[in-house]
Amino acid sequence: MAVVLSQRALNRATLARQMLLERRKATVTQAIEKLAGLQAQAPNPPYIGLWSRLEGFRREQLTEALKKRRVVRMSTMRATLHLMAATDALAWRPLLEPVHQRGLQGSSHARALEGIDRAAVVQAGRALLREGPLTSSELGQALAVGWKDRAPASLAALIRNNVPLVHLPPAGSWNSHASARLQPIEHWLGESDAAAATQDDLLLRYLAAFGPATLADAGAWSGLTGWKAVAECLRPQLRVFTGERGQELFDLPRAPRPDPDTPAPPRLVAEWDNLLLSHADRSRVMSEAHRARVFTVNGIVRGTVLLDGFVAGVWKIERAKNTAAVVLEPFARWSKADRLSVQEEAMRLLAFASDGEGERHDVRVL
């Protein structure tokens, strides 16, 4: 009989691997490798994601890693923007090609690209990018010279989903909101002799960062299908558990699985954090009843407050003149001790995210 893991056991195992039970000492690249990438839809959340996980993390450490090409910002898992260690980006992106193709087919651009010679457009796009980096808008406009009857944005989307493109710094850096200049990964990082990752490799890395997990969870994280055959091949190397609802959970034999009663300190989790995006079943960290208050109708995943390891509210930073305030929105009444501990963490976040000397900081609880 497989060992049954409770929701709290899954919660503590996931938090341990996501460095949210205690802040760790690690370089930016080491942390991003261990986390299997950081969602990077907006520039600032990955910085806050690392702040919540690393001892003494400073913003310039991530900015420098991007400039030095140790970390790259590009579309990977789920065909969404991530920060990836350079070595992982080179190895994983070819494996994720079907995810990007499927994403393009399911997008608003699919109809605009009907009947077009896609190979010819991709070839033209590569030729343009060999001449130098371009923004998506510039790329689309340049391609539209040869395909005047097609929308430039759709032509650019075709290239983005067929050519692995890096967002060149300063894109992805703190408070950088200018349109990203795009360059093929092999131009930015150089040609690599390393073999592309296999789906076996990806499952092992996923479990190290997010396990124990179901195969549906692996699919939700990556966007890939075909996990059943992968798991059967690897089964002799894995431990198999059962969840409270009878689901089969796979894990690495020596991965951390702390006692369910292990204390979990309050944490402010960044917007779009992969903690909330990497399982089909999010109940290990968040009640389904709270989903609509975290995942908004316009596609934003709000910053969340963890209390005892579970989502207990949301947070945001509001700025006005020379004042920055963290606004906390509890989902239920917090105890006095919890409220004070979250407020202290919020003040530490404001110190980290400060725009300059003399800025006044405040915390408000709604």
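Along the sequence shown, residues carry numbers from 1.
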Just by distance, do the side chain of [X] and the backbone of [Y] share a donor-acceptor pair under 3.5 Å?
X    : Y    : answer
Q41  : L81  : yes
Q101 : N161 : yes
S354 : A351 : no
R59  : W174 : no
R257 : P253 : yes
S173 : P170 : yes
N11  : G309 : yes

- In the hydrophobic cluster built from side-chain contacts under 4.5 Å, what are the other members alongside V294? L15, L20, L21, V269, W272, L275, L276, L277, V285, M286, F295, I300, V301, L306, V311, V314, F331
- Check each of H100, R93, H82 against S75 using the side chain to side chain donor-acceptor pair (under 3.5 Å) test, and report the only one that passes. H100
Is there a path of hydrophobic side-chain contacts, each under 4.5 Å between heavy atoms of I/L/V/M/F/W/Y residues, joining [Y] to [X]?
X    : Y    : answer
W334 : V327 : no
W92  : I32  : no
L38  : L54  : yes
V240 : L207 : yes
M347 : V326 : yes

- Item | Full working for side-chain contact (heavy atoms from CB on, under 4.5 Å) between V342 and V363 | CA-CA 10 Å; V342 173; V363 178; over 6 Å; no
Pairwise distance [atom1]([X]) to [atom2]([Y]) - rounded to 0.5 angstrom:
X    : Y    : atom1 : atom2 : answer
S278 : Q39  : OG    : CD    : 8.0 Å
Q18  : R267 : CD    : CZ    : 12.5 Å
K316 : E271 : NZ    : CD    : 10.5 Å
S136 : Q141 : OG    : CD    : 10.0 Å
F310 : S283 : CZ    : OG    : 8.0 Å
L238 : L204 : CG    : CG    : 6.5 Å

Do you know which two heavy atoms are closest between [X] and [Y], and how far apart they sit?
X    : Y    : value
P152 : A144 : CG-CB, 3.9 Å
A124 : L143 : CB-CD2, 3.9 Å
L189 : R69  : CD2-O, 3.6 Å
L129 : P184 : CB-CD, 3.8 Å
H279 : A213 : CD2-CB, 4.4 Å
W188 : P169 : CZ2-CD, 3.6 Å

[Y] and [X], any side-chain heavy atoms less than 4.5 Å apart:
X    : Y    : value
V121 : I116 : yes
T296 : R302 : yes
M77  : V99  : no
L10  : L249 : yes
V365 : W315 : no
L215 : V230 : no
N44  : N175 : yes
M84  : I185 : no

- Message: With a sphere of 6.0 Å drawn around CD of Q123, does it hold more than 12 non-hydrogen atoms of other residues, nucleotides or ligands?
- Response: no
- Note on the structure: By salt bridge (charged side-chain N to carboxylate O under 4.0 Å, His left out), R58 pairs with (sequence neighbours left out) E60
Show every salt bridge (Lys or Arg N to Asp or Glu O under 4.0 Å) that has at least one partner inside [range], sequence neighbours left out.
range            : answer
residues 141-166 : none
residues 1-24    : R8-D308, R12-D308, R17-D251, R23-E345
residues 38-54   : R53-D273
residues 117-126 : R126-E186

- Checking side-chain contact (heavy atoms from CB on, under 4.5 Å) for the pair L83/L62: CA distance, chi angles, key distance, verdict? CA-CA 10 Å; L83 294 189; L62 176 52; 3.8 Å; yes
- Task: Identify whether the distance between the nearest side-chain nitrogen and carboxylate oxygen of E138 and R181 falls below 4.0 Å.
- Result: no
- Is E232 paired with R235 through a side-chain N to carboxylate O contact shorter than 4.0 Å? yes
- Task: Please test V71 against T29 for side-chain contact (heavy atoms from CB on, under 4.5 Å), starting from the C-alpha separation and ending with a verdict.
- Result: CA-CA 7 Å; V71 170; T29 306; 3.9 Å; yes
- Item | Pair Q237-D200, side-chain contact (heavy atoms from CB on, under 4.5 Å): steps then yes or no | CA-CA 11 Å; Q237 303 175 39; D200 290 13; over 6 Å; no
- Item | Aromatic plane relationship, F57 with Y47 - under 30° parallel, 30 to 60° tilted, over 60° perpendicular | tilted
- Give the ring-plane orientation class for F210 versus W221, where under 30° counts as parallel, over 60° as perpendicular and anything between as tilted. tilted
- Criterion side-chain hydrogen bond (donor to acceptor under 3.5 Å, both in side chains) on D201 and T198, from CA distance to verdict: CA-CA 5 Å; D201 299 327; T198 66; 3.1 Å; yes
